[in-house]
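For reference, the structure discussed in these notes is given below.
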Amino acid sequence: MKEAKMEKTYNPKDVEDRIYKMWEKGGYFAPKINTKKKPFTIILPPPNANAPLHLGHAMYTVEDTLIRWHRMLGDPTLWLPGADHAGFETQVVYEKELSKEGKSRFDYDRETLYQNIWDFVQKNKSTMENQLKRLGYSLDFSREKFTLDPDIVKTTYKTFKRLYDDGLLYRDARLVNYCTKHGTGFSDLEVEHEERDGFLYYIEFPVKGEESLIIATARPETIPGDIGVAVHPKDKRYKKYIGKIATNPVNGSSLPIVADGFVKMDFGTGVVKLTSAHDENDFDVCKKHKLPLIQVIGFDGKLTKEAGQFEGLKVLPAREKVLSYLKEKGLFKKEEPYKHAVSLCYKCGTILEPLPLPQWYIRMNDTKKSLSKVAVEKVKNGEIKIVPKRFEKVILRWLTNIKDWNISRQIVWGMRIPAWECKDCGSWVVTDGEAPVKCKCGSSNLVQDSDTFDTWFSSGQWPFSTLGYPNHPDYKYFYPTSVMETAYEIIFFWVARMIMLGVYVTGKIPFEIVYLHGLVRDPKGQKMSKSKNNVVDPMDLLDKYGADGVRMGLVMGNPAGSDQSLQEPKFIAARNFANKLWNIGRFILGKVEEFGDEAILNERADPKALKKEDQEILKKKIRLVNDASKSLKKFRLSDSLEAVYQFVWHEFADKYIESVKDRKDYEVFIPVLLEVYKDCIKLLHPFIPFVTEEIWEKVFVNEKTPLIVSLWPDRQD
RNA sequence: GGGUCUGUAGCUCAGUUGGUUAGAGCGUCUCGUUGACAUCGAGAAGGUCAUAGGUUCGAGUCCUAUCAGACCCACCA
């Protein structure tokens, strides 16, 4: 009893590390597989292994709360940690590091660059692990995974090959959203759109044997790459032009005039120039009318030799030069202000150029067994539930309008695509990772695609690849997982793709519930970003308020799916609450000491001796257990925590404990104190694990097992 | 162009299927307490729940419109 003395205030720093090590040593994070019980599983959204954790990652607290709750319910509970190599993101971060040393990625060959990034990532990975531990997360690190672990890579490759064999994967030279600064293409999702003020330029295109056509364009610099002109088939104004030949006003080339329904008669002059290689609509139309591709903008962002006299100019200077050339020739008619959306690189804001580049695409929406259709079904029929519900509409909308997914990236960092091109017959050999010996044409002149996967292609398979699909006992037992908890920001990037790939590969849903949390913003409600210099390091908060304070401060008053702005008073209140809770323990031990009867710690009160206030508080406690549990079942974590908070502070402490101070019948009220206190400690443990575990050790000295594996109040015998 | 969300006490926000005097934290004011806790207690002030209609016996909660703000999606030259 003496060595269990409690300090006057709860000091997280003296406690957290020791308690966490005790949990780890006891092996409590690792579930015991019991086929008679339904497991509870969460796969941690793998943080990007290119930087320390940010405050948003502390929202993983929601997961730890659910995990600890289920562990206390007696479910075999697995929370599997991991880290994401985060292909493009990490390469960008690493290149920034390089530029600080005055270097760039071009100073290294592929292998060296890869190895350097690998080392960089390993360092970050171990920092992150320690940070996750400091937050108290009861992750089973014995099962930790990294997206570039050999078994994960193998699984990802197998999926790639299967998609290919099933006809759901193809290689095509379409126009890709290409960032000339980063030197890679993106999927549609990574493209940012922004309204910009620009001009619509009206240019005269001479036509043999007819009056000239006037064409409105926002991109005169692409005129050297024009390959045709289009009008609407029903447009009376231009009927007579169809089939005739217009002249390219810049280089005099011949431009067939075709009719196509895609032309908007009421836009501009109702005549469109066709730039096969730099506009998606035009690209499609040209394909239909068998007009060839002329690339006038290169992958370096400069005009190609196809642009003739404009070769070597960047896009905007080229625009000026072309316009002044046209003005000289008298073919420039007018310009008018024009607001339109431009596509930007989400990383650097560079205007993306649609450029023709062969990429691997996953077919999404155009076949019976399309990935998206199956995913839509699983959400619609309720097999997968989304919390909060409003995001169901969001994800369904996206899934039903989805386009084919470009998974090729022209970067080094990531999983190299297991596809080889035969340099003799031009066909491709796709494998599940092994280098092929020969092409079907017999040639062994095979060269591997230099591209890597979109990082989301591998993380999209995370729920089953981490569990060892298809044969590992973990996969067989823990899949489908129970909950996927993540930020609503990545619902398309990640959640939707996990559903599609999970169902496609395993035939089962990857998770039953999707719980989405919101952003953690700065105190003014601004998004945190390095450029705004308003980033709060979660580790600083940890030092100030303890892990419990940070966890509680983030969860309290924050319902699923809503953003919150960081409020220090919330963390202060949470820290104070931990201290209040702690002091209730001190009070009880003080009473035990006062009456000098330690045996009372093991005894129950005689029901007949209970006073009215004893019965009252016991009754209220039962109701509390009920309410708190119900809220957790509905994923209303904040409600659960708040109910306990109110009860502990304003019922138990302010009223009952005050009422007990003058009483002498300690053999009655001390057992009551202990009974109520114990259940409160349990109800709070999922939220604030450290202080509760420490109290458990100090006050409930006769308990056989640590609090982390004790039974939830309503599960007691 | 389409869609979603938000607007509740001075501040930051809860408020699940509509139901008695609308809640919390912080802040403010008064008083108390230094033997559980000053990271404390007792009490108080403070809200036409954005606005205008509607449904209902009854609406912060449902419907419509308006205003203000945030965000997401989108190939219209």
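Quick caveat: nothing in here was measured; it's all calculated off a predicted structure. Letters go in sequence order (proteins before strands), and every chain restarts at 1.
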For the C1' atoms, the ones on B:G23 and on B:U30, what distance do you get once it is rounded to whole angstrom?
23 Å
Say you pick atom P in B:A45 and the same atom in B:U6; how far apart are they, in whole Å?
31 Å
Given B:G15, B:A24, B:G41, identify the nucleotide with an atom nearest to the side chain of A:Arg636.
B:G15
Have a look at A:Asn558 and say if it touches a base, only the backbone sugar-phosphate, or nothing, with a 4.0 Å heavy-atom cut-off.
nothing
Candidates B:A14, B:C40, B:U39 - which lies nearest the side chain of A:Lys580
B:C40
Tell me which nucleotide among B:G25, B:C40, B:U39 gets nearest to the side chain of A:Ala573.
B:G25
If you measure only the distance, is there a donor-acceptor pair under 3.5 Å linking the side chains of A:Glu195 and A:His340?
no
Judged by each residue's nearest nucleotide on RNA chain B, which is more toward the 5′ side, A:Asn576 or A:Arg397?
A:Arg397
Closer to the 5' end of RNA chain B via nearest nucleotide, is it A:Ala653 or A:Lys570?
A:Lys570
Any base atoms under 4.0 Å from A:Ser565, or only sugar-phosphate, or nothing? Heavy atoms, all strands.
sugar-phosphate
Scan A:Pro354 against the nucleic acid and name what it touches under 4.0 Å (heavy atoms): base, sugar-phosphate only, or nothing.
nothing
Any idea which of B:C37, B:C76, B:A42 is nearest the A:Arg586 side chain?
B:C37
Modelled atom types, side-chain donor and acceptor of A:Asp188 and A:Trp405, under 3.5 Å
no
Does A:Gln646 reach a base, just sugar-phosphate, or nothing at all? Heavy atoms under 4.0 Å.
sugar-phosphate
Stepwise side-chain hydrogen bond (donor to acceptor under 3.5 Å, both in side chains) check, A:Glu336 with A:Tyr202
CA-CA 8 Å; A:Glu336 55 189 36; A:Tyr202 288 75; 2.9 Å; yes
Please measure how far the P atom in B:U61 lies from the corresponding atom in B:G2, and state the result in whole Å.
27 Å
For A:Lys527, report the nucleic acid contact type (base, sugar-phosphate, nothing); a contact means any heavy atom under 4.0 Å.
nothing
Donor-acceptor pair between A:Asp226 and A:Thr275 side chains, under 3.5 angstrom:
yes
Using a heavy-atom cut-off of under 4.0 Å over every strand shown, decide if A:Gly268 touches base, sugar-phosphate, or nothing.
nothing
Under 4.0 angstrom between A:His340 side-chain N/O and B:G1 OP1 or OP2
no
For nucleotides B:A9 and B:G27, find the distance between their C1' atoms and express it as a whole number of Å.
11 Å
Using a heavy-atom cut-off of under 4.0 Å over every strand shown, decide if A:Arg390 touches base, sugar-phosphate, or nothing.
sugar-phosphate
Closest to the side chain of A:Lys393, out of B:C73, B:U4, B:C40, is B:U4
Less than 3.5 Å between a donor and an acceptor, one on the side chain of A:Gln526 and one on the base of B:A70, is that the case here?
no
Closest nucleotide among B:C26, B:A14, B:C37 to the A:Pro569 side chain:
B:C26
What's the gap between B:U8 and B:A22 when it is taken at their C1' atoms, as a whole Å value?
8 Å
Base, sugar-phosphate alone, or nothing: which one does A:Phe492 contact when heavy atoms must sit under 4.0 Å apart?
sugar-phosphate
Any idea which of B:U39, B:C75, B:G25 is nearest the A:Tyr645 side chain?
B:G25
For A:His278, report the nucleic acid contact type (base, sugar-phosphate, nothing); a contact means any heavy atom under 4.0 Å.
nothing
Taking atom P in both B:G19 and B:G1, what distance in whole Å separates the two?
39 Å
Please report the distance separating the P of B:G53 from the corresponding atom of B:G41, rounded so that it comes out in whole Å.
45 Å
Quick one: does any side-chain atom of A:Ser638 pair with a main-chain N or O of A:Gly557 as donor and acceptor, under 3.5 Å?
yes
Between B:C37, B:C13, B:A74, which nucleotide gets closest to the side-chain atoms of A:His193?
B:A74
Complement of B:G23, any strand, by Watson-Crick or G-U distances under 3.5 angstrom
B:C13
Return yes if a side-chain donor-acceptor contact under 3.5 Å exists between A:Asn579 and A:Asn576, otherwise no.
no
Under 3.5 Å, is there a donor-acceptor pair between the A:Lys273 and A:Thr222 side chains?
yes
Distance, P atom - from B:U21 to B:C26, rounded to whole angstrom:
27 Å
With a 4.0 Å cut-off on heavy atoms, is A:Val394 in touch with a base, just the backbone sugar-phosphate, or nothing at all?
nothing
Closest nucleotide among B:G41, B:C37, B:A70 to the A:Lys8 side chain:
B:C37
Answer with base, sugar-phosphate or nothing: what part of the nucleic acid does A:Gln567 contact at a heavy-atom distance below 4.0 Å?
sugar-phosphate
Checking all strands, does A:Ile572 fall into the base, sugar-phosphate, or nothing category for heavy-atom contacts under 4.0 angstrom?
nothing
Please state whether the phosphate of B:G35, meaning OP1 or OP2, lies under 4.0 angstrom from any side-chain nitrogen or oxygen of A:Lys661.
no
Is it true that A:Tyr10 and A:Glu694 share a donor-acceptor pair across their side chains at a distance under 3.5 Å?
no
